[in-house]
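One structure below.
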Amino acid sequence: MTLGPTARELMVAAAAREIRDGERVFVGMRLPILAFALAQRTHAPAALGLFENGLVRAAPADLDGTLYTMSDPPNVAGALWSTTTANIMGLLEQGGVDLGFIGGAEVDRYGNLNTSYVGDPRQPRVKLPGSGGGADIACLSRRVVIIMPQARHRFVEQVGYRTSPGHGDGPGWRERVGLPGGGPATLITTLGVFRFDEQSKEAVLASYHPGQSVDTLRAATGWSVRVAPDVRETPVPTDAELALVRACDPQGVWTR
Amino acid sequence: MSASKLVSLRDAIARVVPDGASVCMGTALEAAIPFAAGHEIIRQGKRDLTLIGPISDMLFDQLIGAGAAGRVIAAWVGNVSAGLGHNYRRATEQGEPHPLAVADHSNLTLSLALLAGSLGVPYIPTRSLLGSDIAATNHDFRAARDPWSGAPLLLVPALRPDVTIVHVQRADALGHCHAWGPLGVTREAALAAQRVLVVAEEIWPTGRILADPNLVLLPAFKVAAVVHEPWGAFPSPLQGYYGRDHASFAQYHAESGTFEGFRAWLDRWVLGPGDWPGFLGLLGPERLAGLRPRRRLPSEPLDYGV
């Protein structure tokens, strides 16, 4: 008897489904690296992972413990390429990266993310760690998937500081400011999955996780949520998928 | 034959890191962070440093809490295991122990700034950060247009750190060094610097280092000093030598939650031991041995035959 999936395991499974076979993926850490490993071992064996410290990997790291950072030695052993940040980010700016995963402290309906400042940047109420490579991924990858815990105070009408640009203030904004990448396609949360509408560029609720509903999602979102006509429950990972996720996070550091 | 640049860590920091200097560290992102050098900077009471680095893990947080930093030029400052850095927050939100100026970057723009410095050009253009508030609040950046297409660009000005401190696997006494694993911005940061401090896990004879000149990080004439400090990147990992000590990051996060807690942490782990071997002695040999690789994965030797 397998224990049912946690919210974070549902997020990993949903994120894995965003990865298409053969794609080059800017992976990041925590849940996205688990999603990359799951996709690799199921429907996307030819996906490649890129890491901003200067790594390209095919197979996920061979582990007997948890991977805490992309620079942990097991993530380097067996890499296809070990190089520099400029070389990896150069591939991103060339348009050579299909998909990037990012997260943040605040998100708004157009997928703009704040990972920098709560309050006035000159006198912040909270100084968050900053962009890292997140803003680069948001600006430059062909498609972006946002993955973060959902709470009303973090899902805001408009982010106080736009660290990682999404669709700005709506249709045409990215083109106007000169951003080459396609921007956010999907927002995966602890409660459900939103998809950014092709025309309005707004996050539209596509599915709610088991135990949630359109109403609970609405209550946990700080903007008036548009709901897809075919909204449904998020598909639950199979037992085999769950076993693969748990093998990559044996202590449940990221998924419990 | 050039003279040996091998000195103690104490002498190296005293000589190459004056108060007010701009110091680039943590250039390989989460790996090979020169914690030994950072702790010596704290012990010597350096002040008003400009810290430059992409993410730095918790090293910058420690230097900020110790009062060594006046300015930070970085893409991310915190603790990769735990997220937020308590000292970074206290300094930027409350001015404790004193106010800190922050110039926000992304990993790409910091990499380009150092690359420009290494190339000797004034700036490098990018499309990254267009539409990001980072480009608006960091006044070092300039908006521009591509002279050919007219498309919007962001100009990233060159950074030339006074000193870049790197931790490498091995070096000779003259400053030739071998570094492997993902390099992050290490090569650009070292080449862009006015001078480089090399901290090495092992010191090798020059002939054995120069047997593989492709692996040499930069010309030794850029190197001001070489220090032999085993485990000098602990608790960050060093490929082929040791893994990351996750417990140190978690413990630091827990104990630095208040400024008093941080001061106690500093007394116990940095000021008390007096030097890096003293710090390693507090950790004990078993803790270190547990981080050694369990499986050797040597690469094939190269043939430079003539």
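Sequence lines set the chain letters: A, B, ... in the order given, protein chains first and strands last, and positions in each chain run from 1.
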**Request:** Show the numbers, then the answer: is there a side-chain contact (heavy atoms from CB on, under 4.5 Å) between A:Arg143 and A:Glu23?
**Result:** CA-CA 11 Å; A:Arg143 195 164 94 247; A:Glu23 284 194 323; 2.8 Å; yes
**Message:** Tell me whether the rings of A:Trp223 and A:Phe194 are parallel (<30°), tilted (30 to 60°) or perpendicular (>60°).
**Reply:**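 Geometry flag for A:Phe194 against A:Trp223: tilted rings.
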**Asked** What ring pair (Phe, Tyr, Trp, His ring centres under 6.0 Å) pairs are there with at least one residue in residues 110-150 of chain A, not counting sequence neighbours?
**Response**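 Qualifying pairs: A:Tyr117-A:Tyr161.
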For the candidates [options], which exhibits the highest count of non-hydrogen atom pairs separated by less than 4.5 Å from chain A?
options	answer
B:Arg244, B:Glu188, B:His246	B:His246
B:Leu154, B:Asp104, B:Leu183, B:Leu108	B:Leu108
B:Ser236, B:Ala31, B:Ser106, B:Gly78	B:Ser106
B:Leu110, B:Thr137, B:Val102, B:Leu114	B:Thr137
B:Ile55, B:Leu115, B:Leu129	B:Leu129
B:Ser81, B:Gly181, B:Pro54, B:Gly184	B:Gly184

**Message:** A:Arg162 vs A:Asp169, test: salt bridge (Lys or Arg N to Asp or Glu O under 4.0 Å). Steps then yes/no.
**Reply:** CA-CA 11 Å; A:Arg162 189 166 52 220; A:Asp169 58 12; over 6 Å; no
**Results of side-chain hydrogen bond (donor to acceptor under 3.5 Å, both in side chains) for B:Tyr123 - residues two or more places apart only** =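 None.
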In Å, rounded to the nearest 0.5 Å, how long is the span from [atom1] of [X] to [atom2] of [Y]?
X	Y	atom1	atom2	answer
A:Lys127	A:Ser116	NZ	OG	5.5 Å
B:Trp231	B:Leu288	CH2	CG	4.5 Å
A:Glu175	A:His167	CD	NE2	9.5 Å
B:Ile64	B:Arg89	CD1	CZ	13.5 Å

**Prompt:** Sequence neighbours excluded, which residues qualify as ring-ring contact (aromatic ring centres under 6.0 Å, His included) partners of B:Phe35?
**Reply:**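 Result, ring-ring contact (aromatic ring centres under 6.0 Å, His included) vs B:Phe35: none returned.
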**Message:** Out of the candidates B:Arg170, B:Glu202, B:Gln169, only one should pair with B:Tyr241 under the side chain to side chain donor-acceptor pair (under 3.5 Å) rule; please name it.
**Reply:**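 Per the side chain to side chain donor-acceptor pair (under 3.5 Å) rule, the option paired with B:Tyr241 is B:Glu202, out of B:Arg170, B:Glu202, B:Gln169.
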Need one label for [X]: side chain, backbone, both or neither, based on atoms under 4.5 Å from any heavy atom in chain B.
X	result
A:Leu128	both
A:Val126	both
A:Gln123	side chain
A:Pro124	both
A:Arg122	neither

**Message:** Can you give me the closest heavy-atom contact between A:Ser131 and A:Thr163, atom names plus distance?
**Reply:**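 For A:Ser131 versus A:Thr163, the nearest heavy atoms are CB-CG2, 3.7 Å.
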Can you tell me which of [options] forms the most heavy-atom pairs within a distance under 4.5 Å of chain B?
options	answer
A:Gly54, A:Cys139, A:Ser164	A:Cys139
A:Ala77, A:Pro121, A:Pro180	A:Pro180
A:Gly130, A:Gly178, A:Gly132	A:Gly132

**Residues B:Val80, B:Phe249; criterion side-chain contact (heavy atoms from CB on, under 4.5 Å); working and verdict** = CA-CA 8 Å; B:Val80 172; B:Phe249 291 85; over 6 Å; no
Considering only heavy atoms, which portion of [X] lies under 4.5 Å from any heavy atom of chain A: side chain, backbone, both, or neither?
X	answer
B:Arg187	neither
B:Leu297	side chain
B:Tyr242	backbone
B:Ser111	side chain
B:Thr126	both
B:Gln94	neither
B:Ala28	backbone

**Message:** Is there a side-chain contact (heavy atoms from CB on, under 4.5 Å) between B:Leu153 and B:Arg145? Walk through the geometry before answering.
**Reply:** CA-CA 5 Å; B:Leu153 289 172; B:Arg145 294 267 169 188; over 6 Å; no
**Sorted by number, residues from residues 78-87 of chain A in contact with chain B (heavy atoms, under 4.5 Å)** =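 Checking residues 78-87 of chain A against chain B gives A:Ser82, A:Thr83, A:Thr84, A:Thr85, A:Ala86.
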**Message:** Pairing donors with acceptors under 3.5 angstrom, does anything connect the side chains of A:Tyr68 and B:Glu30?
**Reply:**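 Looking only at side-chain atoms, B:Glu30 and A:Tyr68 do not form any donor-acceptor pair under 3.5 Å.
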**Request:** For the pair B:Glu93 and A:Arg125, evaluate side-chain contact (heavy atoms from CB on, under 4.5 Å) and give the outcome as yes or no after the intermediate values.
**Result:** CA-CA 6 Å; B:Glu93 296 166 19; A:Arg125 200 159 72 253; over 6 Å; no
